[in-house]
Amino acid sequence: MMQREALYQLLKNKYGFDEFRPGQYQVISELLAGQDVLAVLPTGTGKSLIYQLVGTVVPGLVIVVSPLISLMQDQVARLNYQGEKQVAALTSQLDFGARQSVLRHLKQLKFLFISPEMLKQAPVLAAVEQVPLSLLVIDEAHCISTWGPDFRPDYLSLGALKQTLGNPLTLMLTATATAKVRQDILNQLQVPSAQQVIYSVNRPNIYLAVEAVANEAAKRQRLQQLVVTVKRPSIVYFSSKKQTELIADWLRATTALRVAAYHAGLSAEDRFKIQQQFMAGDLDVICATSAFGMGINKADIRQVIHYHLPNNLADYVQEIGRAGRDGQPAIAVLLYAPGDEQLVRNLNELTSASAIEIQADQQRFTLQQPATTDLSQVLQYYWTHGYTVPQVTAQFEQRQRAKAADLTQLLTYIQAKTCRRAILMQYFNETAPVHTATCCQLAGERLPLDELGLLTRQTTSRPVTTPWEQILAQLFLQNS
DNA sequence: CGCGCCCAGCAATAGCTGGGCGCGGGCATTATTT
């Protein structure tokens, strides 16, 4: 095992830092001792430095399995910027020739970024098998537990892929994972003996608030008030693409704020542009679905509002955790109108299947008809792995029960009369800090925006539309 | 005519492949605190 001094020397020489961030050293030394590690580290801890350093010390290729092409491209760009040129992302964006080239030159590569779908492909796997691996990294490892069974079944194959690759040293990385999700990850990847390095998910500088409103109209009004009066920028989360557009349009029309909508229905180009605008500080408010988040590392987000409910408390912690990365005060406001929980149930329903539907899909499979829907694709995984209809049915029922339980816990958080941070911490099996005035909003308290220094200096509410005369005058000016 | 009941509308999350079709000139964001 490498000496402590040698690691610090490497940190200094290669990156110019004198100290590791919390967790980094521990994870690296476990890995260098040959231990698989599941690391739950807050965003901003420098997770990529961990595998970069291990990759530098241990000979062989570092494979980083990542859920999003945009994340892979980010990482490749970042490494290139740092001077590391032996890096590639193998994605469907590359044409056949470029892919072949990457696979032929694996031996010269140090880091390969890849999706589970791509890694699973036989030619890719065959090429990777020929190369010595130093480390297998599963980035955003919670996707195994949530995205796998919902709509990306290839995440369920990662355990088997790891076996095929000869069980390389494995690092599982995530920012938020409950005990249940962690267990899920370890089971799926078949690494029961992995060391767990877990840091608190608590973010003391994010004030927690829940506001009950009577109905949709009241919710809109309150949203408008919040985005106008609270320091910017803000993220507003929705569970409907259409609503992100409608509310963004409405905010644009009724305030002077710079507002954009963001969801998976936009073109990749639009998504990229809007994300860049947001990162550059050219937007005050982004109305987004859960598509907006991973890889967003903007330090000065002051407010995260939930216009619709998150799926569960773990998602909530992840989503509000995008605020206040700079350590300055920030606020998370969940707006709740009676009946909002029904939308969560409806969305959960999209990933459920009855015994009859499951039976019918197995029939489809035996008839060798292609899997067309998300559900079919997920079920396909189970059929090709020899599961029976009753087994799959039981699994789907269990998953729906877990989602129902998650919703119950979320509602407990919403209806709480006591410290909400304590409820979040309890959900993550952490001990809660002592409640303070800047922790969260107890029943009947107003938002301490002034005390937190989160008020905007001037309010920019503009409940007027531009008169036609002005628009016409501008047109004439432009043409003259 | 007024009241109450009922109903409709309806939802997120990504990767990969391959073929059809239309169109217009092009190496992209941007960094450095992981």
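Residue numbers begin at 1 in each chain, while the letters A, B, ... track the order of the sequences.
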DNA chain B: A:Asn311 or A:Gln121, which has the more 5' nearest nucleotide? A:Asn311
Who passes salt bridge (Lys or Arg N to Asp or Glu O under 4.0 Å) against A:Arg222, sequence neighbours left out? A:Glu211
For A:Glu319, side chain to side chain contact (heavy atoms under 4.5 Å, CB included) partners two or more places apart: A:Tyr237, A:Ser290, A:His306, A:Pro310, A:Asp315, A:Arg322
side-chain N/O A:Ser92 vs B:dC16 OP1/OP2, d < 4.0 Å: yes
Quick one: do the A:Lys403 and A:Ser352 side chains pair a donor with an acceptor below 3.5 Å? no
Heavy atoms only, 4.0 Å cut-off, all strands: where does A:Met279 land among base, sugar-phosphate and nothing? nothing
Under the salt bridge (Lys or Arg N to Asp or Glu O under 4.0 Å) rule, collect the residues that match up with A:Glu140, sequence neighbours excluded. none
Can you name the salt bridge (Lys or Arg N to Asp or Glu O under 4.0 Å) partners of A:Asp284, sequence neighbours left out? A:Arg258
Partners of A:Asp282 by side-chain hydrogen bond (donor to acceptor under 3.5 Å, both in side chains), sequence neighbours excluded? none
In whole angstroms, the gap separating P of B:dT13 from OH of A:Tyr155 amounts to 16 Å
When you measure from the side-chain N and O atoms of A:Arg271 to the phosphate of B:dA14, is any distance below 4.0 Å, counting only OP1 and OP2? yes
Sequence-distant partners of A:His142, side-chain hydrogen bond (donor to acceptor under 3.5 Å, both in side chains), two or more places apart: A:Thr174
Result for 5'-nearest mapping on DNA chain B, choosing between A:Gln82 and A:Ile69, is A:Ile69
Could you tell me whether the side chains of A:Tyr382 and A:Gln362 share a donor-acceptor contact shorter than 3.5 Å? no
Report the distance from atom CG of A:Leu343 to atom P of B:dA12, rounded to the nearest whole Å. 9 Å
Base-pair string, DNA chain B, Watson-Crick plus G-U, cut-off 3.5 Å on both distances, | for inter-strand, is ..................................
If the condition is salt bridge (Lys or Arg N to Asp or Glu O under 4.0 Å), which residues does A:Lys180 pass it with, not counting sequence neighbours? none
Under 3.5 Å, which protein N or O atoms sit close to an N or O of nucleotides 18-29 of chain B? Give each pair with its distance.
none

Could you tell me how far apart A:Gln24 (CD) and B:dT34 (C1') are, to the nearest whole angstrom? 6 Å
Would you mind reading off the distance between A:Lys403 atom NZ and B:dA12 atom P, rounded to a whole angstrom? 14 Å
OP1, OP2 of B:dG15 versus side-chain N and O of A:Lys120: anything below 4.0 Å? no
Quick check for you: among B:dT34, B:dA12, B:dT13, whose closest atom lies nearest to any side-chain atom of A:Leu347? B:dA12
For A:Glu357, check side chain to side chain contact (heavy atoms under 4.5 Å, CB included) against everything at least two apart and list the hits. A:Ala353, A:Ser354
Examine B:dA31: is either OP1 or OP2 under 4.0 Å from a nitrogen or oxygen in the side chain of A:Arg78? Give yes or no. no
Base, sugar-phosphate, or nothing: which does A:Ile50 touch, judged by heavy atoms less than 4.0 Å apart? nothing
Send over the distance from A:Asn348 CG to B:dA11 P, rounded to a whole Å. 14 Å
Interface polar pairs with nucleotides 3-9 of chain B, N/O, under 3.5 angstrom:
none

Rounded off to whole Å, could you give me the CZ-to-P distance for the A:Phe292 and B:dT13 pair? 13 Å
At 4.0 Å (heavy atoms only), tell me whether A:Asp315 reaches a base, stays on the sugar-phosphate, or touches nothing. nothing
Give A:Thr91 one of three labels, base, sugar-phosphate or nothing, depending on what nucleic acid heavy atoms sit under 4.0 Å from its own. sugar-phosphate
Between side-chain atoms of residues 68-80 of chain A and protein atoms elsewhere (two or more places apart, or another chain), which donor-acceptor pairs fall under 3.5 Å?
from, atom 1, to, atom 2, distance (Å)
A:Gln75, OE1, A:Tyr51, OH, 3.0
A:Asn80, ND2, A:Val76, O, 3.3

Starting from P on B:dT13, measure out to CD on A:Gln318 and report it in whole angstrom. 15 Å
Counting only side-chain N and O atoms of A:Thr289, is one of them less than 4.0 Å from OP1 or OP2 of B:dT13? yes
Students often get this wrong, so: under 4.0 angstrom with heavy atoms, is A:His308 touching a base, only sugar-phosphate, or nothing? nothing
Report yes if a side-chain nitrogen or oxygen of A:Ser115 is closer than 4.0 Å to either non-bridging phosphate oxygen (OP1 or OP2) of B:dA14; otherwise report no. no
Looking at A:Tyr381, is A:Arg152 sitting on its ring face, NZ or CZ under 6.0 Å from the six-membered ring centre and within 45 degrees of the normal? no
Distance, rounded to the nearest Å, where A:Glu245 contributes CD and B:dC10 contributes P: 15 Å
Reckon A:Lys47 touches a base, only the sugar-phosphate, or nothing at all at heavy-atom distances under 4.0 Å? nothing
How about A:Gln52 and A:Glu84: does a side-chain donor come under 3.5 Å of a side-chain acceptor? no
